[in-house]
Amino acid sequence: MVETTSSFWTAPAQLLVAGSLFLLLYVYVLYPLLLAAIACLFRKRQPLPGYEPTLSVLICAYNEADGIAEKLNHTLELDYPADKLEILVVSDGSTDDTEAIVGRFSDPRIRLLRSSRRLGKTNAQNEGVRQCNGEVIVFSDATAKYQKDALKFLAANYQDPTVGAVSGRYQYFDEHGMSPSGAGSILFWSYENNIKSLQSRISTITGCCGCIYSVRRSAFTELPADIISDLVQPLKIIQQRFKVVFEDRALAYEATTMSSEQEWTMRVRVITRAMRGILSVRELLNPLKYGWVSFQLLSHKVLRWFVPFYLLGLLIGSALLLHDARFLPLFVLQGMFYALALSSLAVPVHRYFKLLGLPLYFCILNLAALMSLMQLIRGRNYTVWETVRR
């Protein structure tokens, strides 16, 4: 009876394992390799610095009293003509000393826009852009530090009139080496930046780095408060037939979250807003009309958000095939991977070897995607954010 039951499940389980493995390999390995192969067919010259349109650096802040002065001093020291730079801080209903600190700066390039109600980052960006004077708007986080020549490299791309948005490159760093998911975050987002670089080399990218990206002001579109701007704003620009460029010489640095709980909370909020954002421009998923853009969104966003189901399928399928010795190593490897992720919550294994930090971050990222899908189905909106990096 046991043999008959095992035989009954063998074919479906093998199909489940094969399909799950293929989708996992496609999302994380085959898609990047395909991008690399296509990118070899394209030569793209990076523009030389020298084109310097007027820039508005827009910083949305909520309770950033601990770091806003350092951020403003740092921005004033960036290498860009002073007469072509303005800095606008939009306080999204801050209740600490953020506004008072900004108000103490006497430099005429710095302005403060107060919002009496807390309506979230995307709404703050909408309000801020209305007050900006620059030909190009640079969206920055209060926690991000730019390399000195980052603005010049961003601006250089706008001498091409077909460019509507330019994303910089950002690197995470674990400031105190204490974050359980910090090492995984650093490695994973380095991988993400490389994918953006390949996408841009071929044609256009579909999403920008939230802490360092810029938009041609004339191409900016105001967005609903519950969707993520660094994904949807570039997509709105693509709909206007502009290109979105990845500029890897424009570098920003940002600290990782300090705990797994903070990383989890942030990822659920970000992914839920991204899913809602994709639904707001769902026509871009039509490969017949938006071939390259649709290919990127489906391969790098939609299929990735469903990775939790591939992982579950792989685990269930290999468990059903334990009667076949060939599948035992696959099941054991999964168990070891998840055990390492769980142990990383208590033991800082990443301090000994950085790659050991990946399992925990990988699990957080994919559990957050699963939770985000559930939140989307429930109709949950995320419009505001908490300041977590200190």
Side-chain angles (χ1 to χ4, degrees), residues 22-23 25-44 122 125-126 129 136-137 139 154 157-158 160-169 191-210 213-224 226-248 270-307 310 369 372-373 376:
F22 173 77
L23 288 168
L25 284 172
Y26 177 76
V27 167
Y28 291 116
V29 180
L30 298 179
Y31 172 65
L33 287 177
L34 182 58
L35 285 181
I38 298 173
C40 289
L41 305 176
F42 293 82
R43 282 189 175 184
K44 186 172 182 181
T122 301
Q125 289 176 337
N126 290 339
V129 170
V136 172
I137 314 296
F139 297 99
L154 289 175
N157 290 272
Y158 287 99
D160 180 351
T162 68
V163 170
V166 183
S167 174
R169 180 187 188 100
Y191 160 87
E192 281 288 294
N193 281 327
N194 289 331
I195 288 179
K196 280 186 170 65
S197 182
L198 292 171
Q199 291 173 334
S200 181
R201 183 172 168 183
I202 297 168
S203 180
T204 187
I205 63 174
T206 52
C208 293
C209 300
Y213 81 100
S214 59
V215 171
R216 192 182 294 275
R217 192 181 190 283
S218 59
F220 177 83
T221 301
E222 293 198 3
L223 301 174
D226 61 344
I227 60 179
I228 192 164
S229 60
D230 50 60
L231 171 63
V232 180
Q233 190 63 237
L235 297 179
K236 290 289 188 179
I237 286 170
I238 288 171
Q239 285 183 316
Q240 299 176 59
R241 303 301 178 183
F242 285 105
K243 289 189 298 185
V244 182
V245 175
F246 181 70
E247 176 53 78
D248 60 359
V270 167
I271 297 173
T272 304
R273 284 161 59 85
M275 288 178 174
R276 193 171 294 281
I278 290 291
L279 290 176
S280 73
V281 287
R282 59 174 62 91
E283 61 273 17
L284 291 177
L285 296 175
N286 180 359
L288 297 179
K289 187 175 180 181
Y290 296 96
W292 169 244
V293 172
S294 176
F295 172 66
Q296 288 184 71
L297 291 175
L298 290 169
S299 298
H300 197 55
K301 292 296 182 185
V302 178
L303 286 179
R304 179 175 285 186
W305 289 332
F306 284 93
V307 162
Y310 317 151
S372 297
L373 185 60
L376 185 71

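Sequence positions, counted from 1, serve as the residue numbers for this chain.
- Taking CD1 of Ile227 as the reference point, atom CD of Gln233 lies at 9.0 Å (rounded to 0.5 Å).
- With hydrogens and angles ignored, the 3.5 Å screen pairs no side-chain donor or acceptor of Arg201 with any backbone N or O of Ile38.
- Here the shortest heavy-atom pairing between Ser229 and Pro234 reads O-CD, 3.4 Å.
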Practice task
Kindly indicate, with the supporting measurements, whether the criterion side chain to side chain contact (heavy atoms under 4.5 Å, CB included) is fulfilled by Ile195 and Phe246.
Solution key: CA-CA 10 Å; Ile195 288 179; Phe246 181 70; over 6 Å; no
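- Checked options Val166, Thr204, Val163; the residue passing with Val244 is Thr204 (criterion: side chain to side chain contact (heavy atoms under 4.5 Å, CB included)).
- Counting heavy atoms from C-beta on, the side chains of Tyr28 and Val307 come closer than 4.5 Å.
- Between Ile271 and Ala369 the shortest heavy-atom distance is CD1-N, 3.9 Å.
- For Ser197 (side chain) and Asn194 (main-chain N/O), no donor-acceptor pair under 3.5 Å exists by modelled atom type.
- If you take NZ on Lys236 and CG on Leu284, they are separated by 8.5 Å, rounding to the nearest 0.5 Å.
- The two atoms that bring Leu235 and Thr206 nearest to each other are CD2-O, 3.4 Å, heavy atoms only.
- Contact check for Arg169 versus Lys196: no side-chain heavy atoms found under the 4.5 Å cut-off.
- Scanning both residues, Val232 and Ser280, for their nearest heavy atoms gives CG1-OG, 4.0 Å.
- Side-chain contact check for Asn193 versus Asp248: every heavy-atom pair is 4.5 Å or farther apart.
- Looking at Gln240, its side chain does come within 3.5 Å of a backbone N or O of Ala219 through a donor-acceptor pair.
- Put simply, CD on Gln199 and CG on Leu35 are 5.5 Å apart, with the number rounded to the nearest 0.5 Å.
- Considering only heavy atoms from C-beta on, Leu231 comes within 4.5 Å of Ile278 through its side chain.
- Between Phe42 and Leu198 the shortest side-chain heavy-atom distance does not fall below 4.5 Å.
- The NZ atom of Lys243 lies 4.5 Å from the CG atom of Asp160; values are rounded to the nearest 0.5 Å.
- Using a 4.5 Å heavy-atom cutoff, the side chains of Tyr31 and Val27 are not in contact.
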Handout entry: Worked verdict on Leu373 versus Trp305 for side chain to side chain contact (heavy atoms under 4.5 Å, CB included)
Key = CA-CA 8 Å; Leu373 185 60; Trp305 289 332; over 6 Å; no
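- With hydrogens and angles disregarded, a donor-acceptor distance shorter than 3.5 Å links the side chain of Asn126 to the backbone of Leu223.
- Between Leu303 and Tyr310 the shortest heavy-atom distance is O-OH, 3.0 Å.
- Here the side chains of Tyr26 and Ser299 are in contact, with some heavy-atom distance below 4.5 Å.
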Practice task
Show the numbers, then the answer: is there a side chain to side chain contact (heavy atoms under 4.5 Å, CB included) between Glu247 and Ser214?
Solution key: CA-CA 11 Å; Glu247 176 53 78; Ser214 59; over 6 Å; no
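- Between Ser167 and Cys209, the shortest heavy-atom contact is OG-N, 3.0 Å.
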Problem - Pair Ile137-Phe220, side chain to side chain contact (heavy atoms under 4.5 Å, CB included): steps then yes or no - result: CA-CA 9 Å; Ile137 314 296; Phe220 177 83; 5.8 Å; no
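- Rounded to the nearest 0.5 angstrom, Asn157 CG and Ser200 OG are separated by 8.0 Å.
- Glu192 is listed as a side-chain neighbour of His300, based on a closest heavy-atom distance under 4.5 Å.
- Note that CD of Gln125 is 11.0 Å distant from CD of Glu222, once rounded to the nearest 0.5 Å.
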